[in-house]
Amino acid sequence: MCGIVAYVGYKQAYPILIKGLERLEYRGYDSAGVALLNHGLKTYKIPGKVAELKRFLEDKDLDGNLGIAHTRWATHGEPNFTNAHPHYSQTKSLSIIHNGIIENYALLKEELIKRGYTFNSDTDTEVLVNLIEDIQLNEQVLLDEAVRIALNQVVGAYAIVILSADSPNTIIAARKGSPLVIGIGDDDFYVASDATPIVEYTKNVVYLEDEEVAVLTRGEKLKLRDIKNHEKTPYIQQLEMNLSELEKGGYEHFMLKEINEQSRSVKDSMRGRLNASKALVSLGGIVDYEQTILAANRIVIVACGTSWHAGLVGEYLFEDLARIPVEVEYASEFRYRNPIINEGDVVLAISQSGETADTLAAIELAKSKGAIILGICNVVGSSIARATHAGSYTHAGPEIGVASTKAFTAQVTVLTLMALRLAELKGTIPRSRFIRLLHELEDLPNKIERVLDDKGATKFIASQFKDVHNFLYLGRGYNFPVALEGALKLKEISYIHAEGYPAAEMKHGPIALIDENMPVVFIATSKGIYDKVVSNIMEVKARSGKIIAVVTEGDTTVRELADYVIEIPETEEMLIPMLATIPLQKLAYYIAVMRGCNVDMPRNLAKSVTVE
Ligand code: M6R
């Protein structure tokens with residue numbers, strides 16, 4: 001959702017900005033723009049994609065060493081030319097880009113109108129830049145001071161970068177609730193919503209904290225203050241990301257690359273945390289909180305979307321292995337429903353991006369009630385990772401495709417490690433079973449390789465169903481979250497309506513949908529309540545539904561009933577989600593490609609949902 005890139009230094013800014021916007025495209029957006037300081041401020045923007053902006057700029061003078069650039073995902077006002085960022089202040093001496101929402105913008109706007117300001121756009125951003133200009137002119141203060149004073153009047157979330165026609169060496173950046181990373185070069189600075197536009201220039205970064213204002217002057221040191229005017233010392237970190245992780249590496253889409261990376265990413269999630277031959281499992285990030293978790297009455301998992309599905313698998317794992325009661329909550333519901341949270345309760349937030357606004361708000365709410373907050377995040381240094389008391393990174397590497405794939409299997413891997421460790425400490429698992437599970441987990445990346453190498457089976461099935469209008473996904477036990485995840489993958493990238501259900505719930509409603517046009521995907525692996533799932537398959541078959549089944553290698557019963565089968569290797573029941581989800585990701589991917597959909601950037605979706 002919305003992307004920010006900015007540069008101040010001695011290089012040409014435009015190539016850095018436009019490449020940065022391309023790197024941020026995965027976040028989702030509907031308009032794009034650039035402002036450069038080049039004998040005055042020049043602003044260029046369009047509704048549409050970065051490629052269109054690039055074409056529009058082909059014949060323009062793009063000289064300049066300072067610039068800001070933005071991709072906007074519309075909130076206040078439709079995605080058109082006037083609402084696109086950057087926005088000028090009234091005198092055109094300031095230009096701003098902004099992510100987030102200024103909640104009291106209407107009130108501020110009213111005041112500014114009374115003071116003679118007029119507005120071109122419907123955005124809250126134009127209000128903010130005029131407020132800053134008004135303060136600068138009336139208080140006769142420097143730009144960074146005007147920004148600081150203005151931000152004290154603002155309610156809401158922001159990540160902003162401002163350029164001034166009167167400051168040819170400096171840009172100002174600030175954040176609250178929306179991420180902003182500053183890359184520190186030799187004598188220059190890069191700013192972006194995440195590290196992806198920065199990594200090819202420098203690995204030294206500072207993640208701005210909430211309510212910090214940064215003054216970035218080329219050739220000088222980074223200066224930081226908070227909005228209460230306290231000086232802050234920048235904490236410089238090293239990026240672990242590599243440039244190759246941000247490229248498609250020969251694949252047609254990032255999603256396909258990321259699906260195929262899962263053997264490696266699951267291995268990376270376990271690296272240094274699991275040693276089956278020594279019967280060791282530990283997660284360094286939460287080691288100090290193990291006794292707190294064991295002492296808690298329950299764990300509340302908060303997350304959204306795919307991460308919520310991983311949370312459901314987590315519920316089954318924690319209850320099954322460690323006998324700890326778990327509730328899994330949509331973060332967006334949790335934050336507004338006055339939940340009962342007591343001091344010492346453990347809340348576990350799961351998020352790939354670490355920036356999801358609802359999950360962040362759920363954390364803040366639980367924290368205010370005295371809960372201990374743990375996190376499972378993929379993006380290092382993200383807001384959620386920093387808002388939690390402790391946690392474990394998934395180490396899946398950057399996930400660029402909007403549809404989450406390798407992040408899900410990595411989240412489930414970390415949840416499995418956590419559940420095993422807690423079960424070991426609590427003594428709720430026989431030693432022999434514990435060791436067997438560790439070995440099986442360690443071997444999982446090999447089994448994932450075998451799942452990925454399906455000899456074209458999912459692609460063929462996709463070709464048979466690419467034109468249908470509906471899909472049903474059914475599973476039981478550990479395979480119920482897999483059914484939900486399979487349905488989510490299909491609907492978000494192919495725009496086919498899909499529902500995930502617990503298989504036995506089918507006869508309480510969805511069975512009415514079944515006829516010869518309804519494909520039903522069963523996750524019908526041989527462990528758990530297999531026989532019951534077979535009965536559900538028969539119920540669908542009796543009504544002429546088309547059956548696609550994910551089965552365990554060597555299965556004959558379901559094979560006889562199903563129209564199409566996809567085999568996965570046998571594994572322990574609780575590890576099946578990590579294998580069974582993968583063919584469903586591939587099925588969704590191939591159907592979407594065959595329907596001509598934009599797989600990596602599906603319509604209306606954003607990679608990190610930073611507004612509620
Ligand atoms: O970054 P997060 O894991 O917090 O994101 C949560 C959801 O927005 C995300 O999983 C979304 O549902 C994906 N598009 C699913 O593929």
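For this chain, numbers begin at 1 and follow the sequence in order. Not measured: the values here are computed from a predicted model. Atoms within each ligand, like the ligands themselves, are counted from 1 in listed order.
For the residue pair Thr581 and Glu485, no side-chain donor N or O sits within less than 3.5 Å of a side-chain acceptor on the partner.
For Glu327, the salt bridge (Lys or Arg N to Asp or Glu O under 4.0 Å) partners at least two apart in sequence or on another chain are Arg298. Residues meeting the side-chain hydrogen bond (donor to acceptor under 3.5 Å, both in side chains) test with Arg72, sequence neighbours left out: none. By the side chain to side chain contact (heavy atoms under 4.5 Å, CB included) test, Ala349 is found to be paired with Val302, Thr359, Ile363, Ile384, residues two or more places apart in sequence or in another chain being considered.
Judged purely by atom type and a 3.5 angstrom limit, Arg595 uses its side chain to pair as donor or acceptor with the backbone of Ser494.
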Take Gln585 and Tyr589 through the test side-chain hydrogen bond (donor to acceptor under 3.5 Å, both in side chains) and record every step on the way to the result. CA-CA 6 Å; Gln585 297 168 345; Tyr589 170 79; over 6 Å; no

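For a heavy-atom separation below 4.0 Å, the residues in contact with ligand 1 are Cys304, Gly305, Thr306, Ser307, Ser351, Gln352, Ser353, Thr356, Val402, Ala403, Ser404, Leu488, Lys489, Glu492, Val609.
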